[in-house]
Amino acid sequence: MNQPIELPKTYNPSEFEDRIYQNWCEKGYFTPDVTNNAEHFSVVIPPPNVTGQLHMGHALDETLQDILVRYKRMQGYNTLWVPGTDHAGIATQIKVEERLRVEEGLTRYDLGREKFLERVWQWKDKYEARITGQLKKLGASCDWTRQRFTFDEGCSKAVREVFVNLYEKGLIYRGNRIINWCPHCITALSDAEVEYSEQSGFFWHIRYPVKGSADEYVEVATTRPETMFGDTAVAVNPNDAEHAHLIGKTLILPMVGREIPVIADEYVEIGFGTGCVKITPAHDPNDFLVGQRHGLPIIKVLNDDATVNAYGGKYEGMDRYEARRALVADLEAEGYLVKTVPHTHNVGTCYRCHTTVEPITSDQWFVKMEPLAKPALEVVRDGRVKFEPERFSKIYINWMENVHDWCISRQLWWGHRIPAFYCRSCGEMTVSRDDITVCPKCGSNKMEQDSDVLDTWFSSALWPFSTLGWPEKTVDLAKYYPTSVLVTGYDIIFFWVARMIFSGLEQTGKEPFHTVFIHGLVRDAQGRKMSKSLGNGIDPLEVIEQYGADALRFALSTGNSPGNDMRFSDEKMEAARNFANKLWNAARFVRMNLTIEKVKLPASSELAAEDRWILSEYNKTVKSVVSALDNFEVGVALSAIYDFTWDIFCDWYIELTKSRLAEKGTGENLAAQNVLCYVLTGILKLLHPFMPFITEEIYQALPHDSQEESIMISSYPSEDQGLDYPVESLQISRVIAAIKAIRMRRNEMNVLPSRKAKVYLETKYPDSFGTATHPFFCRLASASEVIVSDHFTPDIISADDAVQIITDSATVYLPLSDLVDTEKERARLTAEEERLVSEISRVNAKLANESFVAKAPAAVVEAERTKLARYTENLDGVRTALAKLK
RNA sequence: GGAGGUAUAGCUCAGUUGGUUAGAGUGCUUGCUUGACAUGCAAGAGGUCACUGGUUCGAACCCAGUUAUCUCCACCA
């Protein structure tokens with residue numbers, strides 16, 4: 001890559017993106033030097049699930065990370081970005097089972113645990129490779145030598161270590177509690193894994209006969225009548241006058257015949273529903289608590305697949321909904337059904353398969369959350385972990401304050417086995433870091449490991465330190481932990497971010513990262529969530545193929561502010577691609593005018609005014625880009641680069657250099673070349689974190705320091721006050737304003753650019769309009785000649801000979817009188833007069849306000865005064881012009 | 001029930017601690033084969049910054065309330 005290369009005529013990203021990425025890899029630029037003592041900047045990737053391929057949301061997430069990582073790397077930080085993937089327990093298992101069913105008509109039970117897991121590993125290898133390839137296409141500068149997987153050996157070791165640690169501290173326990181059960185996935189779920197969706201159903205009002213009383217009934221209402229097989233009481237509020245007399249009586253469960261008591265519990269709300277609540281401790285979280293308070297028996301009536309068990313009597317074997325229908329029909333036939341009321345309610349569903357979950361009591365493993373939540377709340381409250389944007393810390397705190405114990409066992413095969421071993425001889429349970437073959441209590445060798453696996457989020461919770469080698473005391477861990485920033489979407493704050501924070505604190509004593517940078521969702525052009533069922537998902541690879549990775553990255557990182565959702569559309573991609581094309585062509589222009597082989601900024605005395613101006617503008621841009629990036633304002637930073645590149649560098653500076661470039665071999669020509677190259681290289685560096693490929697490709701085509709053989713290891717620009725030239729900045733902006741004013745007038749009058757005209761410039765600032773600036777007027781404002789004076793006598797500028805244009809620093813006369821429509825001109829000038837009068841009265845009012853003058857900062861007041869003077873002057877000019885028209 | 005986001009040009013969105021005449025992209029109108037670029041150049045039209053009140057010399061921005069809309073959390077049988 002040392003030889004500058006010519007730039008082809010058209011911007012064709014597919015031609016160089018892969019080549020460049022490969023070169024970076026070969027050079028090892030992504031792998032940091034651990035012996036480098038510079039301050040570290042480290043990031044772990046939110047590991048994509050090996051369930052499939054990356055979608056637009058991932059592309060956004062990876063782009064933002066790569067921008068930060070490349071920025072910090074160029075700034076000289078010892079920078080590490082750890083890549084990897086997540087085994088995604090339940091999600092992956094479902095996918096593999098589904099494929100097994102469709103392709104071979106088999107279930108996982110047909111294959112058996114071992115053979116099934118082999119299939120999952122094959123699946124993992126395939127999709128991990130696919131994801132890795134996509135990350136590379138995107139340009140992600142991760143250190144592939146450190147690639148990890150949540151279920152690899154090291155991570156598995158960390159998982160066991162954490163499990164045993166927590167168990168030994170009493171923070172992991174096993175218990176029979178009510179949990180969310182997915183009858184399709186046949187496993188327990190944590191609270192976070194349940195999604196609620198509104199569904200229409202019914203309230204069935206049912207009469208339960210009172211024992212020993214021929215015509216006395218208690219009426220209860222339920223949305224899930226089939227759970228009555230498991231009722232072990234009916235509760236009323238002890239203060240409910242209407243129902244208090246029932247307390248202590250015995251009821252007979254219809255269709256079942258079992259006797260249950262009426263109990264008193266304040267959980268029942270007086271006046272809501274019928275005032276009597278059937279209590280099913282095995283199938284409702286609230287009823288479970290009531291049951292505990294009253295020592296009620298727990299009768300579980302559903303099997304793991306949500307069919308009714310023997311407690312359902314004649315309904316045994318029926319699916320829950322089938323049983324519900326049959327039971328309701330029978331209740332009605334027997335006269336127990338009072339009424340059926342339509343009712344919409346929120347029903348919990350499995351976040352992976354969307355089957356309605358059943359609350360069920362079950363033996364599961366739990367993490368005790370209260371002691372872990374406390375420090376996790378503190379680090380966010382005291383700012384050791386900062387959310388960016390800040391508002392997400394409220395969401396986090398709210399969740400963490402109300403968190404319940406975490407159910408971590410899953411009845412799946414794909415995942416980390418729970419390291420609990422049961423002795424079949426004496427029944428002893430042993431939890432251990434290493435596999436146990438001999439019972440430590442009785443010495444029996446009949447040991448059996450718990451068949452359950454851990455929640456997939458248990459291993460992701462350890463990701464920031466397990467990937468760096470923990471629990472070993474590795475160099476990486478010492479060097480790069482705690483990590484610097486975590487970049488992720490707001491949708492997994494609870495699943496992942498929260499759990500990483502308390503796990504990191506508990507296991508390592510340190511917060512796992514200092515900043516959580518939250519982004520929103522990528523939606524489709526209509527603002528809908530991209531989803532498989534809608535078929536509106538867009539494949540990042542296809543977009544890259546069509547527009548290039550740089551354009552995709554540009555589109556994803558501009559035009560939206562942190563934490564907000566964004567829409568993705570073809571129009572955005574086109575705009576991004578157009579910008580890349582613009583930059584490409586600007587570079588081609590610079591390249592084709594180049595005779596120098598080394599860039600050196602000329603001494604200030606050799607610089608033209610426009611050179612000093614562009615350097616000042618460039619320096620301002622550097623300043624604002626750096627400050628925006630330091631504040632995670634990625635979009636703001638990028639638009640500053642965009643505006644500078646297009647509106648200032650291309651539209652003005654390049655145009656202003658053309659006359660000098662045409663004269664080869666002069667000192668002026670060399671100065672222009674050097675400044676063009678200097679500023680263009682600066683643009684490339686500023687832009688590199690956002691658009692790594694095109695910037696590298698162009699960089700290689702320009703002269704550059706051999707110490708900085710690749711732009712990605714070059715140093716990021718920093719503010720340089722030596723580049724500020726306030727005087728020339730002002731002068732050139734006057735010239736630009738005059739050129740714009742002339743263009744505007746000519747355009748209004750429909751004068752073709754080909755028709756040249758003399759430009760008479762009457763100005764108090766002749767220094768700003770020196771002869772060196774005259775070619776600018778010729779080239780950009782169709783001037784044939786420029787005459788500058790501080791005052792033109794009427795014989796030079798006669799009243800009917802010229803169009804008059806008033807700018808803030810000059811009055812311009814254009815001899816185009818034959819083109820002037822006097823009426824239109826008068827209307828225009830009158831409108832201008834009105835505008836100025838109104839502005840002047842506004843400013844006057846402001847300045848007449850004593851408290852404004854007294855309280856506003858002096859600079860603001862001064863600015864108003866200047867404005868007033870300028871307006872007044874302009875108004876004079878306009879009125880003079882109007883007078884001349886008559 | 002609780003919490004939060006959003007409301008700015010026809011459309012999609014920026015607007016950094018309150019301070020010139022509120023910006024960009026796109027679309028629209030007009031003109032241009034300008035020696036890098038028509039994926040372009042030049043010019044233009046287009047806004048009651050949702051509404052009401054308050055704070056302030058000064059509000060798109062801060063505060064309170066209202067309306068609309070989206071999201072998250074909790075979830076009464």
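The sequence lines fix the lettering, A, B, ..., with proteins before strands; numbering per chain opens at 1.
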Need one value for A:F568: base, sugar-phosphate or nothing, where a base atom within 4.0 Å counts as base even if backbone is also close, heavy atoms only. nothing

For nucleotides B:A24 and B:A42, find the distance between their P atoms and express it as a whole number of Å. 13 Å

With distance as the sole test, does A:E401 use its side chain to make a donor-acceptor pair with the main-chain N or O of A:N398 at under 3.5 Å? no

Contacts of type side chain to side chain donor-acceptor pair (under 3.5 Å), residue A:R553, not counting sequence neighbours: A:D66

Does the plane of the ring in A:F554 sit parallel, tilted or perpendicular to the ring in A:Y642? Use 30° and 60° as the thresholds. tilted

Does A:F589 have A:K658 sitting over its ring (NZ/CZ under 6.0 Å from centre, angle to axis within 45°)? yes

Compare side-chain N and O positions of A:S639 against OP1 and OP2 of B:A24 and report whether any pair is under 4.0 Å apart. no

Whole-angstrom distance between B:A74 and B:G2, as gauged at atom C1': 7 Å

Rounding to the closest angstrom, what is the interatomic distance between B:G25 and B:U71 at atom P? 31 Å

Which nucleotide wins on minimum distance to the side chain of A:A586, given the candidates B:A43, B:A36, B:C57? B:A36

For a quick check, tell me whether the side chain of A:N346 and the base of B:C75 share a donor-acceptor pair closer than 3.5 Å. yes

Tell me whether the side-chain N/O atoms of A:K867 come closer than 4.0 Å to OP1 or OP2 in B:U21. yes

What integer distance in Å separates A:N849:CG from B:C57:P? 9 Å

Is A:Y490 touching bases, backbone alone, or none of the nucleic acid, heavy atoms closer than 4.0 Å? nothing

Check: A:E655 side chain, B:A42 base, donor-acceptor under 3.5 Å: no

So, OP1 or OP2 of B:A43: does either fall under 4.0 Å of a side-chain N or O from A:R743? yes

Short side-chain N/O contact from A:N560 to OP1 or OP2 of B:U12, under 4.0 Å: no

If we require ring centres under 5.5 Å and near-parallel planes under 30°, does A:Y11 stack on B:U39? no

Using a cut-off of strictly less than 4.0 Å, decide whether A:W652 has a side-chain nitrogen or oxygen near OP1 or OP2 of B:A42. no

How far, in whole Å, is B:U8 from B:A59 if one measures between their C1' atoms? 14 Å

Has A:K572 got a side-chain N or O lying under 4.0 Å from the OP1 or OP2 atom of B:C13? no

Distance check: side-chain N/O of A:R842 vs OP1/OP2 of B:U21, anything under 4.0 Å? yes

Pick the nucleotide of RNA chain B nearest each of A:A662 and A:N750; which residue has the one closer to the 5' end? A:N750

Who is the Watson-Crick or G-U wobble partner of B:A7, with both distances under 3.5 Å? B:U67

With a 3.5 Å cut-off and just heavy-atom distances, do the side chain of A:R567 and the base of B:U12 make a donor-acceptor pair? no

With a 4.0 Å cutoff (strictly under), does any side-chain N or O of A:N564 reach OP1 or OP2 of B:A14? yes

How is A:K658 classified with respect to the nucleic acid when contacts are heavy atoms under 4.0 Å: base, sugar-phosphate, or nothing? base

Give me the distance, rounded to whole Å, that separates B:U16 from B:G35 when you measure between the C1' atoms they each carry. 41 Å

